[in-house]
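This chain uses plain numbering: 1 for the first residue, then up along the sequence.
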Amino acid sequence: MENILSPYNEEELNSIRFQRNYQFLSNLEKKVGGHAVFEHPFLKKFASNTYTQEGVLFVLKQFGKIVMPFTAAICKLMGSAPDIKSRFMLMDNLYEEMGHNTLKNCHPVLYLTMLDSIGVSQQGLEKTETISSIRLLNNTIFDAVANKSFAIGCSWLGFGGELTIPNNFPYLVQGIEACFGSDIDMGFWNRHGERDQDHSDDATTVLCMNTDENEHKEIEEAVMDSLNLRAMIWDELERICDAKYQDISLKIANKMSA
C-alpha cells in the first residue's frame with residue numbers, strides 16, 4: 001500500500017483461506033498472461049507512431065472516457081465493502097486517484113490538464129461520442145460494483161483491470177511522446193508505473209480477504225470478461241484508426257517496401 005498501512009495482520013494474511021485464494025488468483029494471473037489484451041497489435045501500432053496526430057487525439061479522448069468515471073466506480077465499490085478493513089484498503093487507491101488531497105493532482109484533473117495542453121478542452125471531451133466498447137465496459141463495471149457481490153466488483157474494477165496497466169500504459173506513453181514530444185503535459189502518465197503494481201497487489205489482497213472457494217469460477221469469468229472487453233476496445237480503436245488516421249507517408253513507405 002502506498003499511503004496507509006495494511007489493516008490486515010500476519011495471522012489473517014497467513015490464514016488457510018487467504019493462502020488458498022491467493023494461490024487461485026496467482027494461477028489465474030498466469031492463465032490469462034497470454035490474453036489478447038496484452039501485446040495487442042493496436043498498442044504496437046500506436047507506440048510506433050503509425051497514426052496521425054488527429055488519430056492520437058481521437059484515442060486520447062476515447063481513453064479519457066475510461067479515466068473520468070473511474071473514481072466514481074471506486075466510491076460505489078467502497079459502499080458495498082463488507083467490513084471496515086476492506087473499505088480501508090480501497091481508500092488507499094482512492095486517495096491516490098484523488099491526488100493526495102490536492103484537487104489539481106486528482107487523476108481525472110491530471111488527464112484534463114494533459115488534454116488541455118494539446119488543445120482539447122473538458123467541454124470538447126464531454127462532447128466527444130464514446131465508442132461502443134468503452135460504453136459497454138463502463139456500464140458493466142458500474143453494474144458489477146453496484147449490483148454484484150463485493151468480490152465480483154473487485155474482480156471487474158480491480159484485479160481484472162489493474163492487470164492490464166503495467167503492460168498497456170508504456171505503449172500508450174511511447175506513442176504519445178512520439179507524436180507530441182515535449183508539447184504535452186505528461187503528469188497523468190507519470191503518476192502510473194511502479195505504483196500500479198502496488199495497486200494490483202492491493203487488489204489481489206482485498207479480493208483474497210473477501211472470496212470463498214465457491215466464488216472462484218464466477219471470479220475467473222468476471223476477470224476474463226473484463227480482459228475481453230478491454231481487448232475489444234483496442235480492436236475497435238484499431239479498426240477506426242486504421243480506416244481514418246493512418247499516416248499516409250507511412251502507408252506509402254510500407255507499399256514501397258512490400
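Between L60 and W189, the shortest heavy-atom distance links the atoms CD2-CZ2, 4.2 Å. Nearest heavy atom pair, residue T52 against residue Q246, reads CG2-O, 3.8 Å. Here the closest non-hydrogen pair linking G187 and L110 is O-CD1, 4.1 Å. Summarising the geometry of V223 relative to G160, their closest heavy-atom pair is CG1-CA, 4.3 Å, with the distance given to 0.1 Å. Here the closest non-hydrogen pair linking E236 and S133 is OE1-OG, 2.6 Å. The minimum heavy-atom distance linking L229 with L137 is given by the pair CD1-CA, 3.9 Å.
Listed by first then second residue, pairs satisfying side chain to side chain donor-acceptor pair (under 3.5 Å) with a partner in residues 115-126 read Q122-E126, not counting sequence neighbours. Within the structure, the side chain to side chain donor-acceptor pair (under 3.5 Å) test picks out the following pairs touching residues 32-45 (sequence neighbours left out): H35-N228, E39-N167, E39-Y171, H40-D235, K45-E238, K45-D242. For residues 69-89, the side chain to side chain donor-acceptor pair (under 3.5 Å) pairs, not counting sequence neighbours, are E12-K85, D83-S86, S86-N210.
A heavy-atom distance below 4.5 Å is not found between the side chains of F188 and T113. Taking 4.5 Å as the limit, every side-chain heavy atom of V206 sits out of range of all side-chain heavy atoms of D202. Two residues are said to be in side-chain contact when any heavy atoms from C-beta on lie closer than 4.5 Å; L157 and F70 meet this criterion. Here the side chains of D247 and T50 are not in contact, with every heavy-atom distance at 4.5 Å or above. For the pair T128 and F58, the minimum side-chain heavy-atom distance is 4.5 Å or more.
Relative orientation of the W234 and F42 rings is parallel, given thresholds of 30° and 60° on the angle between their planes. Ring planes of F24 and H216: parallel class, angle under 30° (limits at 30 and 60°).
For the atom pair CZ of R230 and CG of D225, the computed distance is 11.5 Å after rounding to the nearest 0.5 Å. Expressed to the nearest 0.5 Å, how far CG of L43 lies from CG of L237 amounts to 9.5 Å. Taking CZ of F18 as the start and CG of L207 as the end, the distance is 9.5 Å to the nearest 0.5 Å. Separating the CD1 atom in I66 from the CD1 atom in I134 is a distance of 4.0 Å, to the nearest 0.5 Å. For the atom pair OG of S155 and NZ of K148, the computed distance is 12.0 Å after rounding to the nearest 0.5 Å. Interatomic distance, Q62 CD to L57 CG, rounded to the nearest 0.5 Å: 12.0 Å.
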Please step through salt bridge (charged side-chain N to carboxylate O under 4.0 Å, His left out) for the pair R17 and E213, ending with a clear verdict. CA-CA 9 Å; R17 178 172 180 249; E213 287 190 56; over 6 Å; no
Should N21 and M209 be marked as a side chain to side chain contact (heavy atoms under 4.5 Å, CB included) after you check the CA-CA gap, both sets of side-chain angles, and the distance that decides it? CA-CA 8 Å; N21 289 332; M209 285 294 180; over 6 Å; no
Audit row: E97, C106, side chain to side chain contact (heavy atoms under 4.5 Å, CB included) steps and yes/no: CA-CA 6 Å; E97 291 285 336; C106 292; over 6 Å; no
Derivation and outcome, side chain to side chain contact (heavy atoms under 4.5 Å, CB included), residues S132 and R135: CA-CA 5 Å; S132 60; R135 290 200 308 272; 3.7 Å; yes
Using side chain to side chain contact (heavy atoms under 4.5 Å, CB included), reason through L125 and K65 one step at a time and then give a plain yes or no. CA-CA 8 Å; L125 174 63; K65 302 292 185 170; 4.2 Å; yes
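Annotation: F63, atom CZ; neighbour count of heavy atoms from other residues, nucleotides and ligands within 6.0 Å is above 12.
Taking the ring centroids of H100 and Y95, they lie under the 6.0 Å cut-off.
The pair E220-K31 counts as a salt bridge, with a side-chain nitrogen and a carboxylate oxygen less than 4.0 angstrom apart. Between E54 and K244, no side-chain nitrogen of the basic residue sits less than 4.0 Å from a carboxylate oxygen of the acidic one, so the salt-bridge criterion is not met.
A continuous path of hydrophobic side-chain contacts links M68 to L115 [ILVMFWY only; heavy atoms under 4.5 Å]. The cluster map of Ile, Leu, Val, Met, Phe, Trp and Tyr, joined by side-chain heavy atoms under 4.5 Å apart, puts V109 and I176 in different clusters.
Checking side-chain atoms of T140 against main-chain N and O of L136 turns up a donor-acceptor pair under 3.5 Å. At distances below 3.5 Å, not a single donor-acceptor pair connects side-chain atoms of T102 with backbone N or O atoms of K104. D212 places no side-chain N or O within 3.5 Å of a backbone atom of N214 that could act as its donor or acceptor partner. A donor-acceptor contact shorter than 3.5 Å links the side chain of N168 to the backbone of V37. A donor-acceptor contact shorter than 3.5 Å links the side chain of S26 to the backbone of Y22. A distance-only check finds no donor-acceptor pair linking the side chain of E162 to the backbone of F159 [under 3.5 Å].
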